[in-house]
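The figures that follow rest on heavy atoms only: side chains count, while hydrogens, waters and symmetry mates do not.
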Amino acid sequence: MSKTSQQNTTTDANGVSVIHTPAHTSGLQQVPQLVPVSPGGGGKAVPPSKQGKKNSFVDRNSDEYRQRRERNNMAVKKSRLKSKQKAQDTLQRVNQLKEENERLEAKIKLLTKELSVLKDLFLEHAHNFADNVQPVGTETTTTNPEGSGQ
């Protein structure tokens, strides 16, 4: 942009200055430039939530201020109590889960011992059963000592 160009500055509803300059002779379209409006000539833009609060000074002796502080103090106490309660609940749950875990581990040990005993009994019985069973075809015939004639 040339130094001889004219500038027209307007401020919109949000407090932002818009600088309008004539378009270049090359046929380019005019582009507005956004410049923050602040006494220092720059810096951070103020969010809308804090624009009204920046210049309003609250008398610390006023009833409104005392009510706000009271509400804030109550909210802080409530928040801290809630946080403390949540921590206590979590600790209690952790202790319950530890106890349950110990009970379950003891039950696992007991069931493992029981399984071992039953397995040993089964194997002993299977071994004894195998010793008592004779292979097919090698059966011994018993004779009747009295004779089989009538």
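A donor and an acceptor atom, one from each side chain of Asn95 and Glu99, are nowhere located under 3.5 Å apart.
Distance NE2/His125 to CG/Leu118: 13.0 Å, rounded to 0.5 Å. The structure places CG of Leu115 at 11.5 Å from CG of Leu110, a figure rounded to the nearest 0.5 Å. Here the CG-NE2 distance, from Asn132 to His127, works out to 10.0 Å after rounding to the nearest 0.5 Å. The CD atom of Gln92 sits 9.0 Å away from atom CD of Gln85, with the distance rounded to the nearest 0.5 Å.
Annotation: side chain of Arg68 is in contact with side chain of Glu64 (closest heavy-atom distance under 4.5 Å). Considering only heavy atoms from C-beta on, Leu97 comes within 4.5 Å of Glu100 through its side chain. Considering only heavy atoms from C-beta on, Gln96 comes within 4.5 Å of Arg93 through its side chain. The shortest side-chain heavy-atom distance between Val117 and Leu121 falls under the 4.5 Å cut-off.
The 12-atom threshold is not exceeded at CG of Asp63, counting heavy atoms of other residues, nucleotides or ligands nearer than 6.0 Å.
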Derivation of the side chain to side chain contact (heavy atoms under 4.5 Å, CB included) call for Asn72 and Arg69: CA-CA 5 Å; Asn72 182 261; Arg69 293 302 318 142; 3.4 Å; yes
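When atom types are taken as modelled, the side chain of Thr112 and the backbone of Ile108 share a donor-acceptor pair closer than 3.5 angstrom. Between the Ser83 side chain and the Ser79 main chain, no donor and acceptor come within less than 3.5 Å of each other.
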